[in-house]
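Input: a single structure, listed below in C-alpha cells.
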Protein chains: 2
Amino acid sequence: MELNEFVKKGHELYLRHISIDCVIVGFHDEQLKVLLLKWKENGQWCLPGGFVRKDDSLDVAATRILRERTGLQDLYLQQFHTFGDPARERNKEQFLWPRTMPPGSWMHDRFISVGYYALVEFSQVTPQPDLLTDECHWCDIHDVPDLIYDHNAILDKALETLRMRLNDYPVGLNLLPARFTMPELQRLYETILDTPLDRRNFQKKMLAFGILERLTERKTGGAHKAPYLYRFDRKKYEKALKQGLKFGF
Amino acid sequence: MELNEFVKKGHELYLRHISIDCVIVGFHDEQLKVLLLKWKENGQWCLPGGFVRKDDSLDVAATRILRERTGLQDLYLQQFHTFGDPARERNKEQFLWPRTMPPGSWMHDRFISVGYYALVEFSQVTPQPDLLTDECHWCDIHDVPDLIYDHNAILDKALETLRMRLNDYPVGLNLLPARFTMPELQRLYETILDTPLDRRNFQKKMLAFGILERLTERKTGGAHKAPYLYRFDRKKYEKALKQGLKFGF
DNA sequence: TATCATTGTGTTACGACTACACAATTAACC
DNA sequence: GGTTAATTGTGTAGTCGTAACACAATGATA
C-alpha cells in the first residue's frame, strides 16, 4: 500500500482510535535487543506498530505487523498491556507531517494502543521499515534513545512483564537458536534478570525440568573447552508448560 | 443520564469501538463472588461495563464504572487483558433493542474491550444496576450462568490472572474486612487456589512476611474457640510490595 | 458439666537451593 | 610442541525453607 492511500483510506480500513505497538525482543552478543524504527522526516525512533483491520482480531493484527517487520511467520507473541492515557501521545503533532497527514486526518485521533511483545530468534529476523519509517534496527535495551509518545513506557512495561513471566515460562526456546549451549542459556537468564547466577546450580535447575535434551555434539570454534549443545524437547516442553513450571528466580 | 440520550449521544461522548468490562470480585461465605448485571429486556446476565469518555484514561473510565456499580471510591483495580476478537460479540443483535438502539446506532459497532478486575470488600458494596440493566447481584463464581458475548471468557481470564498474581500480591487486604482472623485469610487462599492448605504452615508463612499485625482482641460469637483478629500493617505492606513478595503457592 | 468443633502452637523430616573446588579441554601464544 | 589462560563439566556438604504432623486450650451448645 502506498503512503498516500494509507493516510487517505486508513479510517475506512482500520478501526479508529485503536493501534497496536510491538516490543520485539531478541538476544545477541549476550544482550537483549529490541527492534526500533526511525521516523522518516524527523529522525525520531519508535516501536513498530500498526492498526487493526476492521475484520481482524487483535492477535491477527499483531501477527501481521510483526511479520511485516521481521519476515517471521511463527513467533511467540503475548499481549501484555493496553495503554490509554489521553496524554500518551503528547506532542503528537510534531510527528505528523502536515502535508501528508493534515489536521482532520484520522491519524490525529486519540489512540488507545494495545501492547504486544514478541520473543524472536535474533538471527532469523530481517528488519524492514514500514511506510512511515526509513530505518529498522536492533537496539541494545541499555542504549534505547528517547522514543516518540509513550513508547519508552511501553517498552519498560514489556520488559517488566517479561521478567515476571520468567518464573513460569521458559523463554529460551523462543530467544535462542534451535541448538545452544548451557552457558548461552545462562547468559540469557542473567541478562534478563540482570544478576549473575551460579553455573552449576543453574545447570542443575534447568536440567531438572526435563525439557532439555543434550546432544552428543559440542560447539567448536570457541577459544576454550567446547561446550555441549542442547535443544528443547518439544513434547516435554509443551507438557511441562501445561502443567505449569516454577523456576523460582 | 437518560437511556435515550445515552444511545443518541454516546458516540459524541465516548471513544468509538472501545469498551471496558469489569470483573468485580468479592469474598463472602467462604466463596468468591462476582458482580453481575441482568439485562432489562431479555433477562440475560453480563459483566458490568461501560465506555471511555473522550478525555478519560482507561483507568479513570474503569474507576468511574466501578464506582457507579459498587459505590466505592477506592478499590484495587487491575487491567488484565484486552479482548478484540471480531467474533467476541457473537449474536450481538439479540442483546440490542431495535426501538432504542436501531441498526446504525454506535452500539452496533464492533467493540474492543479492555478487561479490568477489581478486588473489593464484599460488605462495603451496594450493587447498583446501570441504564441497560435492572438488577445487579453478587454471584458465586461456581454458579455463574451463561453470560452475553464473550463475558464468560473474560471472567475466566480474570480469575486465571488473579490466581497467577496470588504469588506476588497479598489479596487479603483488598478482599477481607479491615480486621479478620487467620482462618478467614486461609479460607480465602484455599478458595482462590481451590486446594486445602495446612493450618500451621499457612500461618507461619503469612506471618513470616511481616505484613500482618495481631491484635489483642479475639473474634467472639463463633461456636468455638475464639480466634485472634489480625490486620494488615499498611507501612510494612507497602514496603514489602515494592520489594516484591514470593508466596510460592 | 460434658461435648465437640475449632484454634494455637512446636518439632522433625525431607527436599530444594546455595556455596564452593578441581580436573578436563581447547585455542592461542611462545 | 609445550605452555598458558580461559572456560567447561561435575559432585558434595551446609543451609534454608517447606511439609508433615499431634496435642492442649477454648468457648458455645446441649
Side-chain angles (χ1 to χ4, degrees), chain A residues 29-31 166-168 170 172 176-177 179-191 193-231 240 243-249, chain B residues 29-31 166-168 170 172 176-177 179-191 193-231 240 243-249:
Chain A
D29 279 346
E30 309 198 351
Q31 289 299 325
L166 212 58
N167 280 311
D168 53 73
L176 294 176
R179 289 145 32 109
F180 53 90
T181 67
M182 193 58 74
E184 283 168 353
L185 184 61
Q186 184 178 340
R187 296 291 142 61
L188 173 59
Y189 276 82
E190 288 178 330
T191 302
L193 294 167
D194 196 28
T195 184
L197 301 170
D198 181 272
R199 260 182 338 119
R200 290 151 288 191
N201 296 334
F202 179 82
Q203 168 151 336
K204 261 180 291 182
K205 179 184 284 197
M206 280 297 157
L207 294 179
F209 288 109
I211 59 178
L212 290 180
E213 181 187 358
R214 189 169 91 173
L215 308 177
T216 52
E217 204 171 343
R218 288 157 176 263
K219 176 174 186 171
T220 61
H224 308 288
K225 179 170 179 178
Y228 282 106
L229 285 168
Y230 291 83
R231 71 174 167 212
Q243 289 178 354
L245 299 172
K246 278 193 189 181
F247 284 85
F249 285 112
Chain B
D29 278 348
E30 307 197 354
Q31 289 299 326
L166 211 59
N167 280 310
D168 52 72
L176 294 177
R179 289 145 32 110
F180 54 89
T181 68
M182 193 58 74
E184 283 168 351
L185 185 61
Q186 184 177 341
R187 297 290 143 60
L188 174 60
Y189 276 82
E190 288 178 331
T191 304
L193 293 167
D194 195 28
T195 183
L197 301 170
D198 182 271
R199 261 184 336 119
R200 291 151 288 192
N201 295 334
F202 179 83
Q203 168 151 336
K204 260 179 291 181
K205 181 183 283 198
M206 280 298 157
L207 293 179
F209 289 109
I211 58 178
L212 291 180
E213 181 187 359
R214 189 169 91 174
L215 308 177
T216 52
E217 204 172 341
R218 287 156 174 265
K219 176 172 187 172
T220 60
H224 309 288
K225 179 170 180 178
Y228 282 105
L229 285 169
Y230 292 82
R231 71 173 165 212
Q243 289 178 354
L245 298 171
K246 279 193 188 181
F247 284 86
F249 286 112

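Throughout, a chain's letter reflects where its sequence line sits, starting with A, and its residues are numbered from 1. Every heavy atom of this structure was used, including side-chain atoms; hydrogens, water molecules and symmetry mates were not. Here the structure is a predicted model, which is why all the values come from computation and not from measurement.
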For this session: Compare side-chain N and O positions of B/Arg218 against OP1 and OP2 of C/dT6 and report whether any pair is under 4.0 Å apart.
Result: no

Exercise. Quick one: does B/Tyr230's side chain get under 4.5 Å of B/Leu176's, heavy atoms only?
Worked result: no

Exercise. A/Lys204 near the nucleic acid: base, sugar-phosphate alone, or nothing, with a heavy-atom cut-off under 4.0 Å?
Worked result: base

Exercise. Is there a donor and acceptor pair closer than 3.5 Å between the side chain of B/Lys225 and the base of C/dT6?
Worked result: no

Exercise. Relative to the 5' end of DNA chain D, which residue comes earlier, B/Phe247 or B/His224, by the nucleotide with the nearest heavy atom?
Worked result: B/Phe247

Problem set entry | Which residue lies more 5' along DNA chain C, comparing A/Gly221 with A/Asn201 via nearest heavy atoms | A/Asn201

Exercise. Quick one: are B/Leu245 and B/Phe247 in side-chain contact, heavy atoms under 4.5 Å?
Worked result: yes

Exercise. With sugar-phosphate meaning primed atoms plus P, OP1 and OP2, does A/Gly248 contact a base, only sugar-phosphate, or nothing at under 4.0 Å between heavy atoms?
Worked result: nothing

Exercise. More than 12 heavy atoms of other residues, nucleotides or ligands under 6.0 Å from NZ of A/Lys219: is that the case?
Worked result: no

For this session: Using only heavy-atom distances, decide whether a donor-acceptor pair under 3.5 angstrom links the side-chain of B/Lys219 to the base of D/dT26.
Result: no

For this session: Let me know, please, whether A/Pro183 or A/Ala223 comes out on the 5' side of the other along DNA chain D by nearest nucleotide.
Result: A/Ala223

For this session: Establish, with yes or no, whether the OP1 or OP2 oxygen of C/dT6 is under 4.0 angstrom from a side-chain nitrogen or oxygen of B/Arg200.
Result: no

